[in-house]
Amino acid sequence: MRVSINQIKEMKFKKEKIVMLTAYDYSTAKLVDEACIPLILVGDSLGTVMLGYGSTIPVTMDEMIHHTKAVVRGTKQSLVIGDMPFMTYTNTADALRNAARFIQEGGAQAVKLEGGVTVAEIVKRIVECGIPVMGHIGLTPQSVHQLGGHKVQGKTPEAAERLLKDAQALEQAGAFAVVLELVPAQLSKIVTQKLGIPTIGIGAGPDCDGQVQVISDMLGLFSDFVPKHAKQYAKLADSIRTALADYINEVKAGKFPTAENSSTIDESLLEELAHA
Ligand code: KIV
């Protein structure tokens, strides 16, 4: 049985921290699911960490659906959330069609989209149509040009008040949870206390109801840059470099493959072949 949005909401009231990670492919999603992580986001961070774009902006619906399907195939219990790409929810008709694609074609159980008050009506319609929505406020990477870079948000009293209003608008619109990205820890704490739905932080301090990380950051796989809010629990890029060097050396030295990695046929068959 998959985790439900009601179980996620209950975790806030039970004060059980909610763990969430991104995943983009079958094998990784399987490991995350087996670790009993309740929420998997097929994030549009796919664009930077998997597809090599400079930002999340070029990511398309078709790319998101392709990766969502792979993640869903790798999971049995985690609730899979599809991240709606840039400009795919600017009006209600587009938003409903694209959210529905995540559920019908992708097999996800929920969608996430960026924005607060300005997208609240759209969130409400998606939820009314039966699709659970996770909000995302604070630093919203799809608006990076408008925000002038990847900066901490809500640092002035006006900006902090706007952030709280955005969070409340999402809750009223029926969102089941909201991501707070790059928000000062004290502000995240206040927002978390004022909301009835869980807050999931990334660079938003320890007092959110849960935490999300980009899996390539926390595994030390994405080596272009390490965000300040990320902690590397492994250094997979280093392990992969070592493995690649070992492989090259062994192939060149004739040490790989060995008999163990090879198959043989009966010698008598070879004799027949030689005389054929
Ligand atoms: O795309 C993504 O991975 C995200 C998380 C950072 C929340 O939106």
Side-chain angles (χ1 to χ4, degrees), residues 8 17-25 28-29 32 37-61 63-68 70-71 78-89 98-99 102 106 108 110-116 119 123 132-144 147 149-154 163 166-167 170 175-183 188 191-192 197-205 208-219 221-222 224-232:
I8 297 297
K17 288 282 187 187
I18 303 164
V19 183
M20 170 164 151
L21 266 181
T22 66
Y24 316 96
D25 67 279
T28 315
V32 176
I37 290 183
L39 293 176
I40 297 185
L41 173 68
V42 188
D44 63 355
S45 48
L46 165 77
T48 34
V49 299
M50 291 285 134
L51 302 180
Y53 300 146
S55 74
T56 59
I57 289 171
V59 176
T60 65
M61 269 305 293
E63 286 165 340
M64 289 303 301
I65 295 293
H66 177 76
H67 286 268
T68 302
V71 167
S78 308
L79 188 140
V80 177
I81 304 157
D83 207 2
M84 297 191 63
F86 182 55
M87 297 300 275
T88 62
Y89 49 96
N98 289 318
F102 272 108
V111 297
K112 175 173 85 58
L113 51 82
E114 296 182 5
V119 294
V123 170
V133 178
M134 174 177 274
H136 182 160
I137 56 173
L139 187 270
T140 45
Q142 291 170 10
S143 311
V144 64
L147 298 172
H150 292 88
K151 296 177 183 161
V152 175
Q153 302 296 305
L163 191 107
D166 280 337
L170 288 168
F176 73 95
V178 57
V179 169
L180 304 181
E181 179 164 354
L182 293 195
V183 172
S188 303
V191 172
T192 301
I197 55 171
T199 58
I200 313 284
I202 174 161
C208 296
D209 297 302
Q211 296 292 327
V212 58
Q213 285 287 296
V214 170
I215 194 154
S216 325
D217 291 337
M218 60 82 68
L219 293 179
L221 187 59
F222 183 67
D224 291 6
F225 62 89
V226 183
K228 173 177 151 58
H229 59 71
K231 176 171 173 184
Q232 290 187 333

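Values below: all heavy atoms of this structure, side chains included; hydrogens, waters and symmetry mates excluded. Numbering of ligands and ligand atoms starts at 1, following listing order.
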To the nearest 0.5 angstrom, please state how far the CG atom of Leu39 sits from the CD1 atom of Ile8.
3.5 Å

Considering the heavy atoms of Leu41, write down every atom of ligand 1 situated less than 4.0 Å from one of them.
2 (C), 3 (O), 4 (C), 5 (C), 7 (C), 8 (O)

For ligand 1, which atoms, with element, lie under 4.0 Å from some heavy atom of Thr22?
3 (O)

Does a donor on one side chain and an acceptor on the other come within less than 3.5 Å for Thr192 and Thr199?
yes

Any atoms of ligand 1 less than 4.0 Å from a non-hydrogen atom of Asp83? List them with their elements.
1 (O), 2 (C), 8 (O)

Heavy-atom contacts with Ser45 under 4.0 Å: which atoms of ligand 1 show up? List them by number with element.
1 (O), 2 (C), 3 (O)

Regarding Thr68 and Tyr24, is there a side-chain donor-to-acceptor distance under 3.5 Å anywhere?
no

Can you tell me if Gln213 contacts ligand 1 (heavy atom of the residue under 4.0 Å from the ligand)?
no

Euclidean distance, Gln213 CD relative to Met20 CE, rounded to 0.5 Å:
11.0 Å

From Phe176 CZ over to Leu170 CG, what is the distance, rounded to the nearest 0.5 angstrom?
12.0 Å

Near Gly43, which atoms of ligand 1 are under 4.0 Å from a heavy atom of that residue?
1 (O), 2 (C), 3 (O)

Quick one: which ligand 1 atoms are inside 4.0 Å of a heavy atom on Lys112?
8 (O)

Mark yes or no for whether Thr60, through its side chain, and Glu63, through its backbone, hold a donor-acceptor pair below 3.5 Å.
yes

For Gln232 and Asp217, test the side chains for any donor-to-acceptor distance below 3.5 angstrom and give the result as yes or no.
no

Numbered in order shown, the ligand 1 atoms found under 4.0 Å of a heavy atom of Ile202 are 6 (C)

Using distance alone, determine whether Glu181 and ligand 1 share an N or O pair under 3.5 Å.
no

